[in-house]
Amino acid sequence: MSAADLFQDQIPLLRPWTGEEEVQAAAEVILSGWVSQGPKVMEFENAVAGYVGSRYGVATNACTSALHLALHLSGVGPGDEVIVPSFTCMATANAVHHAGALPVFADVDARTYNLDADSAAAAITPHTRAILVVHQIGLAADMEPFVALARKHSLALVEDGACSLGASVHGKRVGAIAAPTCFSFHPRKMITTGEGGMITTNDRELAERARVLRATGASISDLERHKAKGVLVQKYGEVGYNYRMTDIQAAIGTVQMRKLDAMLAERARQARRYDAALAEIGALEPPYVPPYATHAYSSYLVRVKPGARMGRDALLRRMAERGISCRTGIQPLHQEPFYAERYAGTRFPASEAAAQATMFLPIFPGLTEEQQERVIAELAGAMG
Ligand SMILES: Cc1ncc(COP(=O)(O)O)c(C=O)c1O
């Protein structure tokens, strides 16, 4: 089966918006003789950092590794606790473990699905070292209460902006708000490099150390050694990782960055169309956007209202039978088998309610008006 066959007769949940330009950019790198981390990675880092409004960008092979480095370089280590929303991707919590620390879950706000500041405050213990705020599903979180909380308790702050490149809050783009921020370039995110991630930060020392740690801990990068032409010997001051992005990926990413504004506009247009249709249908609640933030709509998460004609799971099955791929919302991490014992008896009502009643609808640049009308008609037929 070819990859193209995967999409036949099916409206997928998502599809990356890639084409000839990305093919050309990748081909040029492949033919250049330099395919690993090099000049294209630098160009991509400058494009992302410049776009979000931060001084530095450090590309990695995934957002998980970017989060690991950002936490580690913010002083998180063994014996520490890091506050994490329960309603997030397992990767957010995994990164805390990679840094040797323990994630401590808190609830989210019932409307924005972003970390609830009161719940985060209640989770602080003498072992808490950092708060990891997630800008969930494309909606930028208000960082002000977390900045205040971090200051009050002398905690580090790290932002997980995996899904929210291009979103903003109080007029600032995610990546330039309060703290080192990590992005993902997995195909389900705002732009893609296949797999990939990046830290954006205004902290020069953090950026420089992240560059060293992502590449085996070597004091000199391959590119610097190559450019020097003489004999340069690298030193290893600490244990590093192989978290490098390739120039092939970065070349694709740079093309994607040029398309980002158009992709954001297209996602916003599709969201408006869904919003209007859901107002008619009544039984499904559209995503909430608070007045201080913009939504990047990396996903469009709807909530099935209580008393609706059909429950969430039945609706998901019906959509799948009709060739429309939707998905359940995020499952709370405190209920995952890995954490269930430690959190037995703990309730995070907003995360649990969201997990039970929410589902994602297809939204992506390239979804045609006709396809979206089909999704809306099926929803109206089931729920209207
Ligand atoms: C909120 C969040 N954080 C982190 C990640 C991890 O990103 P990556 O797959 O690039 O490591 C994801 C990916 O799904 C995510 O949704």
Side-chain angles (χ1 to χ4, degrees), residues 13-14 16 41 44-45 48 57-72 76 82-99 103 105-109 112-115 120 130-141 143 146 157-167 174-175 177 179-200 210 214 241-246 249-250 252-253 256 287 295-301 327-334 336 351 354-355 358 360 363-364:
L13 185 66
L14 66 126
V41 167
F44 181 48
E45 289 173 337
V48 175
V58 182
T60 53
N61 59 350
C63 181
T64 307
S65 39
L67 284 168
H68 170 202
L69 292 183
L71 288 165
H72 173 66
V76 172
V82 177
I83 295 169
V84 174
S86 175
F87 189 77
T88 188
C89 175
M90 186 70 179
T92 312
N94 285 346
V96 176
H97 288 282
H98 297 331
F105 297 121
D107 208 353
V108 292
D109 178 89
T112 63
Y113 307 121
N114 281 326
L115 185 60
I131 306 174
L132 179 42
V133 180
V134 182
H135 301 279
Q136 196 53 273
I137 326 170
L139 179 64
M143 292 302 294
F146 301 107
L157 264 186
V158 174
E159 298 174 50
D160 180 342
C163 309
S164 299
L165 181 63
V174 171
I177 306 172
T181 305
C182 302
F183 293 102
S184 172
F185 309 123
H186 176 273
R188 197 168 171 179
K189 307 304 190 290
M190 300 305 299
I191 63 164
T192 192
T193 56
E195 295 278 0
M198 194 178 296
I199 306 172
T200 60
R214 76 174 163 185
Y241 306 88
N242 181 356
Y243 285 169
R244 289 180 295 250
M245 176 181 275
T246 69
Q249 292 168 297
I252 295 169
Q256 289 267 291
H295 208 309
Y297 293 107
S298 61
S299 296
Y300 190 90
L301 190 69
R327 295 273 167 77
T328 56
I330 298 162
Q331 302 309 301
L333 295 183
H334 69 283
E336 288 299 328
S351 299
T358 59
F360 294 113
I363 189 166
F364 55 92

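When a ligand or atom number is given, it counts from 1 through the structure's own listing order.
Remark: Q249 engages T246 in a side chain to side chain donor-acceptor pair (under 3.5 Å) (not counting sequence neighbours). Contacts of F364 classified as ring pair (Phe, Tyr, Trp, His ring centres under 6.0 Å), with partners at least two apart in sequence or in another chain: none. For H334, the side chain to side chain donor-acceptor pair (under 3.5 Å) test picks out S86, E352, with sequence neighbours left out.
Among L115, I83, L67, the single residue meeting the side-chain contact (heavy atoms from CB on, under 4.5 Å) criterion with L132 is L67.
A distance-only check finds a donor-acceptor pair linking the side chain of N114 to the backbone of L139 [under 3.5 Å].
To the nearest 0.5 Å, atoms CG (L165) and NZ (K189) are separated by 12.0 Å.
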Which protein N or O atoms sit under 3.5 Å from any N or O of ligand 1? Give each pair with its distance.
{"unit_1": "ligand 1", "atom_1": "3 (N)", "unit_2": "T92", "atom_2": "OG1", "d": "3.4"}
{"unit_1": "ligand 1", "atom_1": "3 (N)", "unit_2": "D160", "atom_2": "OD1", "d": "3.2"}
{"unit_1": "ligand 1", "atom_1": "3 (N)", "unit_2": "D160", "atom_2": "OD2", "d": "2.7"}
{"unit_1": "ligand 1", "atom_1": "10 (O)", "unit_2": "C63", "atom_2": "N", "d": "2.9"}
{"unit_1": "ligand 1", "atom_1": "10 (O)", "unit_2": "S184", "atom_2": "OG", "d": "2.8"}
{"unit_1": "ligand 1", "atom_1": "11 (O)", "unit_2": "C63", "atom_2": "N", "d": "3.3"}
{"unit_1": "ligand 1", "atom_1": "11 (O)", "unit_2": "T64", "atom_2": "N", "d": "2.8"}
{"unit_1": "ligand 1", "atom_1": "11 (O)", "unit_2": "T64", "atom_2": "OG1", "d": "2.5"}
{"unit_1": "ligand 1", "atom_1": "14 (O)", "unit_2": "K189", "atom_2": "NZ", "d": "2.8"}

